[in-house]
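If you're wondering where the values come from, they're calculated on a predicted model, not measured in any experiment. Just so you know, residue 1 is the first one in the sequence shown, and it goes up from there. One-based numbering, in listed order, for ligands and for the atoms of each.
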Amino acid sequence: MKKFFQKILLAFCLILVFIILLSGIFIIRQIKSAVLSNQINELTELASALTVEIQPYERMDDSQLEKILTTQARISKTRVSLIDVSGKVVFDTEKEAGELESHRYRPEINRALSGEVTWTARYSDTLRKKMLYVAVPIRKGGQITGVCRVSRFLDLAVESYQKARNRLLICLALFMILGGGLSYLFLRKLFRPLQDIALLTEKVASGEQGMAVGPLLRENLGELASAINQLISRNQEVNELLRENKELLQTIIDSTEEGWLLVDEAGRIILANKSLRQMFPEIGEGSEFYWQSLRCPEINEILQKAHSSERPVEGQLEKDGRIYSCQANWLPLNRRFLLRFADITEIRELARKKKEFVSNLAHELKTPLTAIQGFLETMEEENLSEDGKKYLKIIQRNTERLVNLVEDLSRIAELEEKGTELKKEAVNLQEIIQSVIKIYSRRAEEKGLYLKLEAETVPEIFADPYQMEQLILNLVDNAVRYTEKGGITVKLESKDRGVLLSVSDTGIGIPEEHLPRIFERFYVVDKSRSRKTGGTGLGLSIVKHIVLAHRGKIEVKSSPGFGTTFIVWLPASFENSQ
Ligand code: ADP
């Protein structure tokens with residue numbers, strides 16, 4: 001505002017100076033010409049009067065006449081010269097006439113000899129100064145007998161003009177100062193309300209409350225002032241709303257159990273919620289970048305993956321003996337990462353204990369169950385009553401279920417315990433399928449089903465052979481169990497740098513609503529049928545576990561009453577850490 005004011009003031013002053021200078025030049029010129037013509041008139045009158053005085057004298061070089069002329073010249077501060085028609089100077093008040101050259105061709109003499117009353121301002125060769133000359137012809141009996149020339153130093157002639165000019169210049173300078181001062185006062189008065197508004201808006205911008213344009217300003221600025229007042233109150237409303245929303249957001253963010261961390265591309269911390277600061281107290285100690293206090297290379301890896309894939313990426317990290325899950329989301333619009341941390345140490349411990357328990361339980365149950373099975377077989381040879389035989393069968397069937405369950409449980413425990421550590425080697429899937437078919441061919445035959453393999457020549461894949469066998473065993477076992485007529489076809493073909501294995505049957509099928517859940521542990525579609533066929537609800541979850549551990553994919557297509565197909569794709573080779 002100050003600069004703007006200075007600019008306007010400068011412009012005002014420049015305009016003022018320009019106008020005053022222009023009018024000054026005009027006035028000075030006017031004065032100059034007025035003073036000059038005044039001088040010419042005066043000299044003309046003097047010269048004309050002298051020609052009249054000359055009249056009574058016979059000769060122009062009369063000493064009496066010379067006296068008169070000298071006196072007149074001294075009084076009027078002029079030089080008087082008498083020139084005859086030949087141009088010869090007869091008399092001069094300043095010089096000896098005889099010393100002077102012919103004046104015939106002096107412009108004023110020349111014109112006066114032709115009868116004109118004339119004037120000229122020129123440099124005098126005689127006196128070596130600029131002079132104003134007025135020449136009047138001297139007449140006698142109608143004849144021009146000579147010229148009376150009256151001259152005065154030009155600076156003397158314009159002395160009054162110079163005085164007037166100087167006075168005028170002083171006046172103009174005073175006008176300028178006065179004008180400048182008045183402009184300053186006027187502009188200051190004009191700017192005062194604007195300055196007040198600038199001050200007011202500054203205060204509003206810095207968040208000061210209860211501000212408004214005062215009555216004085218309202219008087220001066222009318223509509224503008226009320227518009228500003230409206231703007232201020234709207235601004236206050238918006239600020240209030242923003243503050244409320246911010247507080248609400250902060251409360252929500254702080255109340256989540258997850259630790260939230262928002263960082264920019266360079267890792268600069270934008271936001272860290274309460275839970276995060278509790279998880280990692282170092283973060284709250286004014287670190288600018290997360291890596292200054294969270295020295296975990298895993299986070300950097302997760303961030304890079306999230307950035308390049310533009311998808312949420314999850315990982316784990318260990319810090320000070322605790323395990324954290326970390327999910328990173330790349331927000332491309334804001335060019336920021338949102339990291340969500342959860343302390344999963346207890347969950348991990350619980351899962352480990354559960355696994356340990358299941359594996360121990362399975363192990364402990366195996367020995368008594370084998371003993372029971374053995375004794376049941378021995379009892380078969382005993383002479384039992386019909387009822388006894390019936391009960392023995394029931395006990396045998398249930399023991400078998402129990403054995404299956406224990407086996408599946410220990411298999412799951414085994415798989416989970418191994419985690420991602422697979423014993424990978426080149427595996428010929430065709431051979432494994434053939435050995436599984438051999439195991440199940442008798443059961444299929446008993447049920448009157450066909451069991452065949454349709455295989456292209458596929459390359460060997462890099463996988464865990466034991467797990468591959470478990471996978472195929474489970475799928476073929478289910479297919480045989482849930483099919484009563486028709487049969488089972490196992491197909492093998494190459495696809496997308498891997499192999500596609502499918503097990504299709506013409507069995508009872510699975511209703512659509514069950515399809516999303518059949519891979520869950522202990523999920524059975526029909527409990528009584530499962531019980532009858534010795535199912536445990538664990539087979540497909542083992543299959544899924546194996547497929548995922550090998551970075552493969554599994555899908556199921558089924559139509560109740562017509563059959564089911566499980567399709568498994570396995571990559572030819574993969575890295576565990578991928
Ligand atoms: P289960 O040991 O009970 O068979 P699974 O996990 O192997 O458990 O299978 C889950 C459920 O999926 C089964 O209860 C069964 O109803 C259904 N199912 C699996 N395979 C087939 C199949 N080939 N045909 C029809 N239903 C099947």
Participant: Is any N or O atom of V524, backbone or side chain, closer than 3.5 Å to an N or O atom of ligand 1?
Facilitator: no
Participant: Any salt bridge between E318 and R322, counting N to O under 4.0 Å?
Facilitator: no
Participant: Mark yes or no: K7 above the aromatic ring of F4, with NZ or CZ under 6.0 Å from the six-membered ring centre and no more than 45 degrees from the axis.
Facilitator: no
Participant: Would you call K305-E310 a salt bridge at under 4.0 Å N-O?
Facilitator: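 A salt bridge is absent here (no side-chain N lies under 4.0 Å from a carboxylate O).
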Participant: Any heavy atom of G507 sitting closer than 4.0 Å to ligand 1?
Facilitator: no
Participant: Looking only at non-hydrogen atoms, which of L540, V556, V476, I508 approaches atom 5 (P) of ligand 1 most closely?
Facilitator: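 Among L540, V556, V476, I508, the closest heavy atom to atom 5 (P) of ligand 1 belongs to L540.
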Participant: So, are R397 and E400 salt-bridged, with charged N and O less than 4.0 Å apart?
Facilitator: no
Participant: Please determine whether any non-hydrogen atom of R481 lies less than 4.0 Å from an atom of ligand 1.
Facilitator: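 Yes; R481 lies near enough to ligand 1 that a heavy-atom distance drops under 4.0 Å.
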Participant: At the 4.0 Å heavy-atom cut-off, does F519 count as touching ligand 1?
Facilitator: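 The answer is no, since F519 has no heavy atom less than 4.0 Å from ligand 1.
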Participant: For atom 17 (C) of ligand 1, which protein heavy atom lies nearest, and how many Å away is it?
Facilitator: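 For atom 17 (C) of ligand 1, the nearest protein heavy atom comes out as V525 CG2, 3.9 Å.
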Participant: Below 4.0 Å, non-hydrogen atoms only: which portion of I510 touches ligand 1? Side chain, backbone, both or neither.
Facilitator: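 Side chain only.
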Participant: Under 4.0 Å from a heavy atom of Y523: give me the atoms of ligand 1 that qualify, with their elements.
Facilitator: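 Counting atoms of ligand 1 from 1, those under 4.0 Å from Y523 are 10 (C), 11 (C).
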